[in-house]
Each structure stands twice: as structure tokens, then as C-alpha cells.
Amino acid sequence: MSEKSHPSLGFLLIDAARLIRRRFEQESRDLSMTSAQLQIVARLAKNEGIGQAALAALLELEPMTVSRHVDRMVAAGLVERRQDPADRRARQLFTTVRCRALIEPMRERAAAVFEDAQKGMSAAERRQLMAALETVIGNLSSAEAGEGAGGAARQTKEVAA
């Protein structure tokens with residue numbers, strides 16, 4: 001069969017992520033936040049007290065882009081900046097009570113989108129999908145951290161031999 005009839009893993013992952021993100025944005029229109037702000041809230045809620053540069057790295061966005069979003073979110077009463085007790089020059093980011101009130105509705109909508117995305121899959125297939133994705137992420141995270149570089153080099157040598 002031709003390669004066109006079997007999309008690559010990368011294409012499938014990117015397409016699935018894009019469609020999930022789009023559906024989530026549609027379901028969250030009434031929250032009056034942009035998709036970027038929704039992503040910031042989701043990451044910040046799990047990383048209270050993080051600095052802007054570290055948050056930008058987690059989101060894979062430019063620090064100035066995150067700074068502009070955070071400025072707007074501070075003005076809207078969703079995020080607050082606090083002095084870092086360990087560094088007078090640094091500021092830490094925290095969600096506000098108003099922001100935290102939006103987290104549960106966000107999670108409920110995300111759960112509904114995920115449920116919709118997995119419609120027709122058995123419980124075993126869902127577990128298998130999650131396990132496979134965790135394996136892919138673990139493999140790529142290890143390689144990114146330098147742990148997998150030696151293994152990749154050994155595999156290349158074995159194939160060449």
C-alpha cells in the first residue's frame with residue numbers, strides 16, 4: 001500500500017491534538033479567555049509560584065508573548081504577580097480565586113471533549129491508547145534529556161552492521 005493510505009504517527013498526533021484543542025476552544029467560548037490564556041491557566045494551576053520565563057518554557061512560547069498575556073490576565077484579576085522571596089528581582093505567578101473558580105469548568109469541558117474523542121473505544125482500548133502515548137512521551141523525554149542518545153547510537157550501529 002502507498003504511504004498516502006497510512007498517515008505517519010506524527011501526522012496523527014498533531015492532527016488529533018489540533019482537533020482536540022479546537023473542540024475545547026469551542027466548548028470554552030463562554031469563559032471569555034483566549035485559547036492561549038486557557039493554556040496559561042492550565043499550566044499555572046499545576047505550577048503555582050512559577051516564574052514567567054519558566055512558564056514560557058513549559059508552554060513553548062516566547063517570554064514576551066507570555067508576558068503580554070499575563071499582563072492582560074493580571075488586569076482581568078485572573079493572575080497575580082508576587083515578589084519571589086528568594087530573589088528580589090524576580091516575580092512569581094499565582095492564580096487568583098476568580099481564576100481558580102474557572103478551573104473546574106475547564107476540566108469538565110476537557111473531560112467531555114476527551115470522552116467525545118474516544119467514543120466507540122472500549123475501556124481496554126482507552127487504557128492501551130493512554131499507555132502507548134505515555135510510552136511515546138517517555139521515550140522522547142528520555143532522548144531529549146540525553147538518556148536515549150547512547151541507545152539511539154547503538155541501534156544505528158546495530159542496523160549498519
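For the numbers below, each heavy atom of this structure counts, side chains included, while hydrogens, waters and symmetry mates do not.
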If you compare all heavy atoms of [X] against all heavy atoms of [Y], which two are closest, and at what distance to 0.1 Å?
| X | Y | answer |
| --- | --- | --- |
| Phe24 | Met106 | CE1-O, 3.4 Å |
| Asn47 | Arg43 | ND2-O, 2.8 Å |
| Ala90 | Gln83 | O-NE2, 3.7 Å |
| Arg126 | Met121 | NE-O, 3.3 Å |
| Leu55 | Ile50 | N-CD1, 3.7 Å |
| Gly77 | Thr96 | O-OG1, 2.6 Å |

Does a side-chain N-to-carboxylate-O contact under 4.0 Å join Arg98 and Glu80?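 So Arg98 does not pair with Glu80 through a salt bridge.
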Thinking salt bridges, do Asp71 and Arg68 make one under a 4.0 Å N-O criterion?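 The answer is no: the pair does not qualify as a salt bridge.
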Gap between atom [atom2] of [Y] and atom [atom1] of [X] - 0.5 Å precision:
| X | Y | atom1 | atom2 | result |
| --- | --- | --- | --- | --- |
| Leu19 | Ile14 | CG | CD1 | 12.0 Å |
| Glu25 | Ile20 | CD | CD1 | 12.0 Å |
| Gln128 | Leu133 | CD | CG | 11.0 Å |
| Arg82 | Glu48 | CZ | CD | 7.5 Å |

Going by heavy atoms in the side chains, are [X] and [Y] under 4.5 Å from each other?
| X | Y | value |
| --- | --- | --- |
| Arg109 | Asp30 | yes |
| Val79 | Leu44 | yes |
| Arg18 | Asp15 | yes |
| Gln52 | Arg81 | yes |
| Leu102 | Thr95 | no |

Derivation of the side chain to side chain contact (heavy atoms under 4.5 Å, CB included) call for Val41 and Leu78: CA-CA 9 Å; Val41 167; Leu78 297 169; 5.6 Å; no
Please check this pair: side chain of [X] against backbone of [Y], looking for a donor-acceptor N/O pair closer than 3.5 Å.
| X | Y | result |
| --- | --- | --- |
| Ser141 | Ile137 | yes |
| Glu27 | Arg23 | no |
| Arg29 | Gln26 | yes |

Is there a path from Leu59 to Val74 through hydrophobic residues (I, L, V, M, F, W, Y) whose side chains come within less than 4.5 Å of each other?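 Looking at the clustering, Val74 is in the same group as Leu59.
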Do Leu58 and Leu61 sit in one hydrophobic cluster, given that two such residues count as connected whenever their side-chain heavy atoms are within less than 4.5 Å of each other, even indirectly?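 Same cluster: Leu58 reaches Leu61 through Ile, Leu, Val, Met, Phe, Trp or Tyr contacts under 4.5 Å.
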Inspect the surroundings of CD in Glu104 and state if more than 12 heavy atoms from other residues, nucleotides or ligands are less than 6.0 Å away.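 Yes, CD of Glu104 has more than 12 neighbouring heavy atoms, counting only those of other groups under 6.0 Å.
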